Amino acid sequence: ANATEYAKIMNLSRTNSGLPVLFADPNSLGAGTDWWGSGIRKYSPQRNASFQMSGGTEKNKFALNVSYYDQESFYTKGDWKKFTARFSNDFKLKNWISAGYMLNPRRESWNNTPYWFQDYMVIDPITPIYIPQDQRVGKNEYSIFSRSYYTYTWNPAARMARQFGKGGAYSATTNAYLDIKPIKDLVIKSQISYDISYNLSNDFQPDFLIDGAHEKNEINSVSRNES
């Protein structure tokens, strides 16, 4: 519903409950705020590319596979990128001995995707995104947003402006093998593998004051997690 429709519904609800109407002239409110359009994209682009190559000789064979994928969030903030690769090499050193190895690196990075679909759907279209210019004096950039006093839903556009979380992940898997066939029907195999991974997340929570009782954060905070 737009602002006019929302006001008419609110007035009808209050009239049915024996209460006075809130809005004397709903038509004067017009369309109001398009909260959904302010923070939700119409589409979420995806990109995917891959490259494969293999070859070799009777004594040496190799294979390479590289892929890249990324996707943007349906919100105006948030994305995910992933790069993976796989390389293998096999050697036939003698008729009775062969060896090989495989390497599989992986890299991911992302900007955290918000999770407040409900706020965009619940907040009323009468409340503007920002407070008037003359009320912004002395406020930081995260405190110039309006408070909804009809639904008491936190301003989703303000929450989007304060969205700074991001992270990344690095990992690699590798293994190597050695096969020995000293006599017919007997295979001695030795294999070693190794995994390594590193995960990182960073976040920043700025101070803001939109409503002194309900919608505020008084202390800036920075967090960093590694594993």
Side-chain angles (χ1 to χ4, degrees), residues 1-7 9-10 22-23 28-46 70-83 107-171 197-227:
N2 62 28
T4 296
E5 293 166 339
Y6 182 88
I9 293 170
M10 289 286 288
L22 283 177
F23 308 99
S28 66
L29 299 173
T33 302
D34 177 12
W35 288 103
W36 189 265
S38 72
I40 307 296
R41 295 188 177 112
K42 294 182 179 179
Y43 52 88
S44 175
Q46 300 180 24
D70 75 57
Q71 180 173 4
E72 296 179 22
S73 167
F74 276 104
Y75 294 93
T76 53
K77 283 189 177 181
D79 58 69
W80 178 47
K81 298 179 177 67
K82 179 177 70 172
F83 169 83
R107 168 75 170 101
E108 294 183 52
S109 65
W110 58 84
N111 290 295
N112 290 355
T113 298
Y115 52 87
W116 41 81
F117 260 96
Q118 181 175 345
D119 291 354
Y120 282 102
M121 293 187 291
V122 171
I123 193 168
D124 65 275
I126 296 174
T127 300
I129 296 177
Y130 300 99
I131 58 177
Q133 284 285 350
D134 59 358
Q135 297 179 21
R136 302 183 190 182
V137 178
K139 296 180 179 290
N140 66 21
E141 61 185 297
Y142 309 109
S143 303
I144 61 174
F145 296 88
S146 297
R147 168 72 171 168
S148 171
Y149 292 102
Y150 300 110
T151 64
Y152 297 100
T153 301
W154 278 38
N155 187 317
R159 297 181 72 179
M160 190 73 76
R162 302 191 302 269
Q163 176 80 6
F164 293 104
K166 61 182 180 179
Y170 307 81
S171 66
S197 65
Y198 172 72
N199 299 292
L200 172 69
S201 63
N202 295 312
D203 199 9
F204 168 59
Q205 296 291 330
D207 69 286
F208 66 94
L209 177 61
I210 295 176
D211 179 87
H214 304 287
E215 199 167 346
K216 64 178 180 178
N217 178 40
E218 298 177 347
I219 302 175
N220 283 315
S221 64
V222 177
S223 63
R224 181 182 180 92
N225 296 303
E226 299 178 65
S227 62

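Treat the numbers as computed from the prediction; the structure is a model and nothing was measured. Positions are given from 1 along the sequence.
When all heavy atoms are compared, the tightest approach of Gly212 to Leu209 is CA-CD1, 3.5 Å. Here the closest heavy-atom approach between residue Ala161 and residue Phe145 is recorded as CB-CZ, 3.8 Å. When all heavy atoms of Ala1 and Pro125 are compared, the pair lying nearest together is O-CG, 3.4 Å. Of all heavy-atom pairs between Gly30 and Ala3, the closest is O-CB, 3.5 Å. Here the closest heavy-atom approach between residue Ala157 and residue Trp35 is recorded as CB-CZ3, 4.0 Å.
Judged purely by atom type and a 3.5 angstrom limit, Lys77 uses its side chain to pair as donor or acceptor with the backbone of Met160. A donor-acceptor contact shorter than 3.5 Å links the side chain of Arg41 to the backbone of Tyr75. Glu72 contributes no side-chain N or O that, together with a main-chain N or O of Gln46, makes up a donor-acceptor pair within less than 3.5 Å. Judged by distance alone, with hydrogens and angles left aside, the side-chain atoms of Gln135 form no donor-acceptor pair with the main-chain N or O of Pro132 at under 3.5 Å. The main-chain N or O of Gly78 is never found under 3.5 Å from a side-chain atom of Thr113 such that the two would form a donor-acceptor pair.
Here Asp70 pairs with Arg47 under the salt bridge (charged side-chain N to carboxylate O under 4.0 Å, His left out) rule; sequence neighbours left out. The ring pair (Phe, Tyr, Trp, His ring centres under 6.0 Å) search around Phe204 returns Phe164, not counting sequence neighbours. Applying the ring pair (Phe, Tyr, Trp, His ring centres under 6.0 Å) test to Tyr150 and every residue at least two apart in sequence or in another chain returns Phe23.
In this structure, Tyr130 OH and Asn155 CG are separated by 8.5 Å, a value rounded to the nearest 0.5 Å. We find the CH2-OG distance between Trp110 and Ser201 to be 8.0 Å, quoted to the nearest 0.5 Å. In this structure, CG on Asp203 lies 6.5 Å from CG on Asn112, to the nearest 0.5 angstrom. Within the model, atoms OH of Tyr6 and CG of Leu22 stand 9.0 Å from one another, a figure rounded to the nearest 0.5 Å. The CD1 atom of Ile123 sits 13.0 Å away from atom CH2 of Trp116, with the distance rounded to the nearest 0.5 Å. Note that CD of Gln71 and CG of Asp79 are 10.0 Å apart. Values are rounded to the nearest 0.5 Å.
Judged purely by distance below 3.5 Å, without hydrogens or angles, the side chains of Tyr149 and Asp124 never pair a donor atom with an acceptor atom. With hydrogens and angles left out, the side-chain atoms of Thr153 and Asp119 include no donor and acceptor closer than 3.5 Å. Counting only N and O atoms by type, the side chains of Asp207 and Asn220 include a donor and acceptor under 3.5 Å apart.
Within the 4.5 Å cutoff, side-chain heavy atoms of Ser38 are placed close to those of Ile129. Residues Glu218 and Lys216 have side chains in contact (heavy-atom distance under 4.5 Å, counting atoms from C-beta outward). Taking the side chain as every heavy atom from C-beta outward, Ile210 and Phe208 approach each other to under 4.5 Å. A heavy-atom distance below 4.5 Å is not found between the side chains of Tyr198 and Ser171. Residues Gln163 and Asn111 form no side-chain contact, since every pair of their non-hydrogen atoms from C-beta on lies 4.5 Å or further apart. Within the 4.5 Å cutoff, no side-chain heavy atoms of Pro114 are placed close to those of Arg159.
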Practice item. Evaluate side-chain contact (heavy atoms from CB on, under 4.5 Å) for Ile131 paired with Lys139, printing each intermediate quantity in order. Key: CA-CA 11 Å; Ile131 58 177; Lys139 296 180 179 290; 3.7 Å; yes
Practice item. I would like to know whether Leu200 and Arg224 meet side-chain contact (heavy atoms from CB on, under 4.5 Å); could you show each step before the answer? Key: CA-CA 7 Å; Leu200 172 69; Arg224 181 182 180 92; 3.5 Å; yes
Test Trp154 against Arg147 for side-chain contact (heavy atoms from CB on, under 4.5 Å), laying out the working first.
CA-CA 7 Å; Trp154 278 38; Arg147 168 72 171 168; 3.6 Å; yes
Checklist entry - Is there a side-chain contact (heavy atoms from CB on, under 4.5 Å) between Arg107 and Ser109 once you walk through the steps? => result CA-CA 7 Å; Arg107 168 75 170 101; Ser109 65; 3.4 Å; yes
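No option in Thr127, Thr33, Ile126 other than Thr127 meets the side chain to side chain contact (heavy atoms under 4.5 Å, CB included) test with Ser148.
Other residues, nucleotides and ligands contribute at most 12 non-hydrogen atoms within 6.0 Å of the CD atom of Gln118.
A distance below 6.0 Å separates the ring centres of Trp36 and Phe117.
The residues Glu108 and Lys82 are annotated as not salt-bridged, no charged nitrogen and carboxylate oxygen being separated by less than 4.0 angstrom. Looking at Arg136 and Asp134, no side-chain N of the basic residue comes within less than 4.0 Å of a carboxylate O on the acidic one, giving no salt bridge.
Aromatic ring pairs are classed by plane angle as parallel below 30°, tilted from 30° to 60° and perpendicular above 60°; the pair His214 and Tyr152 is perpendicular.
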